[in-house]
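Fair warning: this is a prediction, and the values are worked out from it, not measured in the lab. Heads up: numbering here begins at 1 and tracks the sequence.
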Amino acid sequence: MEGSERHATPSVPGKPFEASVEDARPGSNGAERSAAARGGSQPDRAKHNGAELAAAEGRSLRRRILLQLRQGGPATPARLAADLGASRNGVLQQLRALEAGGLVAHSPVRHGVGRPRHLYDITPEAQELFPANYDGLAVSLIGAIARVGGPELIDMVVSERRASLAERARRHLDERAGPDAPLRARVRELAVFQDGLGYLAESVETPDGELRIRQHNCAIHRVASSEPAVCRAELELFRELLGEQVERETHIASGDRSCTYRVRSAADEATADETAS
């Protein structure tokens with residue numbers, strides 16, 4: 001919206017496997033790589049192309065190392081090199097990069113006389129890089145709850161979740177904006193809170209003072225699409241936290257590009273009523 005003031009720049013809470021593995025590359029710098037690709041002499045371009053090829057090979061090897069550790073368990077660099085058909089030095093270099101990125105860790109293991117061997121294994125953080133089916137689990141659980149207890153039990157479960165979120169969000173608002181903060185600040189911080197949950201949320205204020213929370217992503221889209229009570233609970237949550245008139249204008253589960261909530265203060269409502277009368 002032209003002239004609108006926006007807050008809470010959306011942030012992506014998770015990364016795909018390849019992106020996270022790329023982050024673990026020593027000296028990885030997207031700006032530097034882009035700059036190197038934009039021009040320069042033929043020898044410079046050849047050098048750059050060679051570096052990009054080496055980087056791609058490194059990404060591939062890091063991915064294979066993580067998959068091998070996931071499937072085969074802790075291993076030494078020599079064992080990994082043999083299993084993957086790669087050089088020990090190459091594997092060791094990528095293990096160090098993965099360790100620096102927090103995706104693997106090593107521990108010394110003694111086996112008789114001599115220097116200990118180092119066993120590498122993935123960390124709990126690396127588990128997030130592997131396939132998961134949380135959406136499917138959540139949808140199946142909702143279905144199971146409905147079959148066991150019907151709509152009443154669904155409402156009870158959704159209500160309990162809303163109460164838990166409200167407690168966390170209220171604590172965030174009090175800490176970041178203050179319990180007596182103006183509506184504008186509370187709207188902004190609620191958008192920040194939602195953004196942290198993966199909703200790509202922002203607060204928007206138009207030149208005439210209208211306030212909105214716009215969520216460009218539904219972090220629980222499959223659940224919300226299958227159970228309308230979840231979306232109703234979000235609207236109730238916003239009304240509870242802001243203590244104002246909150247209306248939902250757009251809705252992702254209904255086919256819109258975002259979930260947009262218009263927030264109006266009690267004073268605004270009173271003015272609108274007076275104008276209408």
With hydrophobic residues grouped by side-chain heavy-atom distances under 4.5 Å, do V139 and V230 end up in a single group?
yes

Quick one: does I142's side chain get under 4.5 Å of S140's, heavy atoms only?
no

List for me each residue that meets salt bridge (charged side-chain N to carboxylate O under 4.0 Å, His left out) alongside R70, sequence neighbours excluded, and say none if there are none.
none

For residues 168-177, dump all side-chain donor-acceptor pairs below 3.5 Å to protein atoms at least two apart in sequence or in another chain.
unit_1, atom_1, unit_2, atom_2, d
R170, NH2, E240, OE2, 2.9
H172, NE2, E189, O, 3.3
H172, NE2, E189, OE1, 3.1

Could I get the full list of side chain to side chain donor-acceptor pair (under 3.5 Å) partners for S254, not counting sequence neighbours?
H251

Is there a side-chain contact between D155 and R232 (heavy atoms, below 4.5 Å)?
yes

Does R117 offer a backbone N or O that forms a donor-acceptor pair with the side chain of R110 under 3.5 Å?
no

Check this for me, if you would: do E210 and R212 make a salt bridge, where the nitrogen-to-carboxylate-oxygen distance has to be below 4.0 angstrom?
yes

Short side-chain to backbone donor-acceptor contact, T123 and G102, under 3.5 Å
yes

Look only at the side chain of R162 and the backbone of E236, and say whether a donor-acceptor pair between them is shorter than 3.5 Å.
no

Within a strict 4.5 Å, meaning less than it, do heavy atoms of the L80 and L95 side chains meet?
yes

Within-4.5 Å side-chain heavy-atom neighbours: E99 and H106
yes

Which hydrophobic side chains are connected to I252, either touching it within the sub-4.5 Å cutoff or through other members that do?
none

R214 side chain reached by Y261 side chain, heavy atoms, under 4.5 Å
no

What's the verdict on side-chain contact (heavy atoms from CB on, under 4.5 Å) for F238 and Q194, showing C-alpha distance, side-chain angles and the deciding distance?
CA-CA 10 Å; F238 286 6; Q194 289 294 104; 3.8 Å; yes

Donor-acceptor pair, distance only, cut-off 3.5 Å: does the side chain of D195 make one with the backbone of A201?
yes

If we only count heavy atoms from C-beta on, is the R222 to Y134 side-chain gap below 4.5 Å?
no

Is the closest side-chain donor-acceptor distance between T206 and D208 under 3.5 Å?
yes

Interatomic distance, L197 atom CG to Q215 atom CD [nearest 0.5 angstrom]
9.0 Å

Apply side-chain contact (heavy atoms from CB on, under 4.5 Å) to residues Q68 and L84 and explain how you reach the verdict.
CA-CA 8 Å; Q68 180 62 32; L84 298 175; 4.1 Å; yes

For D83, enumerate each residue passing the salt bridge (charged side-chain N to carboxylate O under 4.0 Å, His left out) test, keeping only those at least two apart in sequence or located in another chain.
R79

Begin with the C-alpha distance, continue with both residues' side-chain angles, and end with the deciding distance and a verdict on side-chain contact (heavy atoms from CB on, under 4.5 Å) for L235 and V246.
CA-CA 8 Å; L235 179 58; V246 180; 4.0 Å; yes

Drop me the distance from L103's CG to Q127's CD, to the nearest 0.5 angstrom.
12.0 Å

Using side-chain heavy atoms (C-beta onward) and a distance below 4.5 Å, is I65 in contact with Y120?
no

Side-chain donor/acceptor of S226 to backbone N/O of V223, under 3.5 Å:
yes

For E160, all residues meeting salt bridge (charged side-chain N to carboxylate O under 4.0 Å, His left out), sequence neighbours excluded:
none

